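Computed from a predicted structure; not experimentally measured. The basis for the numbers below is simple: all heavy atoms, side chains too, and nothing from hydrogens, waters or symmetry mates.
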Amino acid sequence: MVKKVRELKVKPMDVVKLTLLLSILTVAAKKTLTLVLDPFFWMYFSWTWLFWPWFIAVGLAGYGIYCFRKHWLGEANAFEQLGIVTSVFTWLTLVPPAYFNGYLEGWPYVFFLAYHYFFFFNVSVRKRLYGDFYARTHDPKWDVNTPLWSRILFGVGIMVGHWLAAFEGPELHRLPGGWANVGIWILIVITMLMHYDSTLYLARYSEKVVVPTAVVQFGPYRWVRHPIYASTMLLFAAYCTALRAPLSLLFLLAVCLVYYNKKAKMEEELMVESFGQSYSDYADKVRHKFIPFVY
């Protein structure tokens with residue numbers, strides 16, 4: 001027996017890993033069988049429960065962290081990049097209301113899908129231009145990023161804001177339905193169209209979807225200088241409005257304004273350096289950064 005193991009070149013650590021995997025699979029199989037044979041499970045079974053078990057959310061978070069590590073190393077494929085955003089949006093739009101309500105219905109599902117559609121516009125533009133989803137190499141000076149600590153704080157602020165919204169808002173079953181939500185649907189449509197137009201116009205006047213070749217002054221850029229950032233804030237505002245969480249809305253807007261204002265300043269300095277008076281004239285003409293007639 002020992003000789004056969006040696007011939008297979010199985011190391012002790014491989015045996016430990018295999019044993020651990022088999023143990024996990026055995027426990028999972030037993031629990032699944034117990035659940036399937038439990039009459040109470042079938043009595044109270046619902047699609048809400050199926051879509052919202054905690055172990056799936058936690059497992060998805062773990063998978064998202066694994067994919068993010070690969071993305072950080074530049075090794076993540078398109079499916080793994082999707083895994084990252086899906087895990088993030090799950091813990092933004094589904095986990096908080098499920099935690100405070102004990103179930104899910106209505107708006108969290110809508111925004112879970114809306115967040116995916118919204119944040120994959122850039123990917124769809126690459127697919128349209130190049131036939132695949134991958135970013136092209138370009139002049140690295142256009143990779144405008146704030147310091148790492150700033151990006152981490154921004155991410156934490158966005159996560160906290162969504163949890164506050166779920167805590168602040170009433171129970172999901174108490175949210176009004178019908179015509180009371182028409183305004184929110186209109187806000188979602190405006191957000192999507194604004195983001196779509198902004199991305200499309202930017203792509204038309206850019207190389208490789210990143211490097212601008214001219215100062216864009218069409219579409220939403222006629223009203224604000226950074227409509228993509230503005231549409232992101234509008235999406236968060238729509239989420240908080242749907243959950244009836246006005247204080248959380250103000251918190252998220254404050255987080256976005258602080259972060260995007262810093263990033264926009266860096267981008268505008270680069271635009272002035274690249275396009276000179278042309279961009280300065282545009283900035284004088286369109287005086288508001290994010291909110292028309294306000295800021």
**Study point:** Salt-bridge present (Glu268, Lys265; N to O < 4.0 Å)
**Key:**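 Looking at Glu268 and Lys265, the cut-off is not met.
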State, with a plain yes or no, whether a side-chain heavy atom of [X] is found less than 4.5 Å away from one of [Y].
X	Y	value
Val215	Tyr221	no
Lys289	Tyr260	no
Pro97	Glu171	no
His116	Leu82	yes
His195	Ile228	yes
Val224	Phe290	no
Trp107	Thr93	no

Practice item. Answer yes if the side chains of His173 and Tyr103 hold a donor-acceptor pair under 3.5 Å, and no otherwise. Key: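 Yes, a side-chain donor-acceptor pair sits under 3.5 Å.
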Review point. Taking atom types as modelled, is there a side-chain donor on Glu267 or Tyr229 under 3.5 Å from an acceptor on the other?
Key: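 Yes.
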Show me the side-chain donor-acceptor pairs of residues 150-169 shorter than 3.5 Å, one per line, residues at least two apart or across chains.
residue, atom, partner, partner atom, Å
Arg151, NE, Thr146, O, 3.0
Arg151, NH2, Thr146, O, 3.4
His162, ND1, Ile158, O, 2.8
His162, NE2, Tyr115, OH, 2.8
Glu168, OE1, Leu247, N, 3.4
Glu168, OE1, Ser248, N, 2.9
Glu168, OE1, Ser248, OG, 2.8
Glu168, OE2, Leu247, N, 3.1

Check your understanding: Crowded around Phe100 CZ? As in, over 12 foreign heavy atoms under 6.0 Å?
Key -> yes
Exercise for review: Look only at the side chain of Asn101 and the backbone of Leu172, and say whether a donor-acceptor pair between them is shorter than 3.5 Å.
Suggested key: yes
Practice item. Answer yes or no: is there a donor N or O on one side and an acceptor on the other, between the side chain of Asn181 and the main chain of Pro176, under 3.5 Å? Key: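 Yes, Asn181 side chain to Pro176 backbone: donor-acceptor pair under 3.5 Å.
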Study note, to complete from the structure: CZ of Phe111 to SG of Cys240, rounded to nearest 0.5 Å, is 9.0 Å
Check your understanding: Per the side chain to side chain contact (heavy atoms under 4.5 Å, CB included) rule, which among Thr191, Leu257, Val255 passes with Met233?
Key ->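 Passing option: Leu257.
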Practice item. List the steps and the verdict of ring pair (Phe, Tyr, Trp, His ring centres under 6.0 Å) for Phe236 and Tyr239. Key: CA-CA 5 Å; Phe236 293 154; Tyr239 178 78; 8.4 Å; no
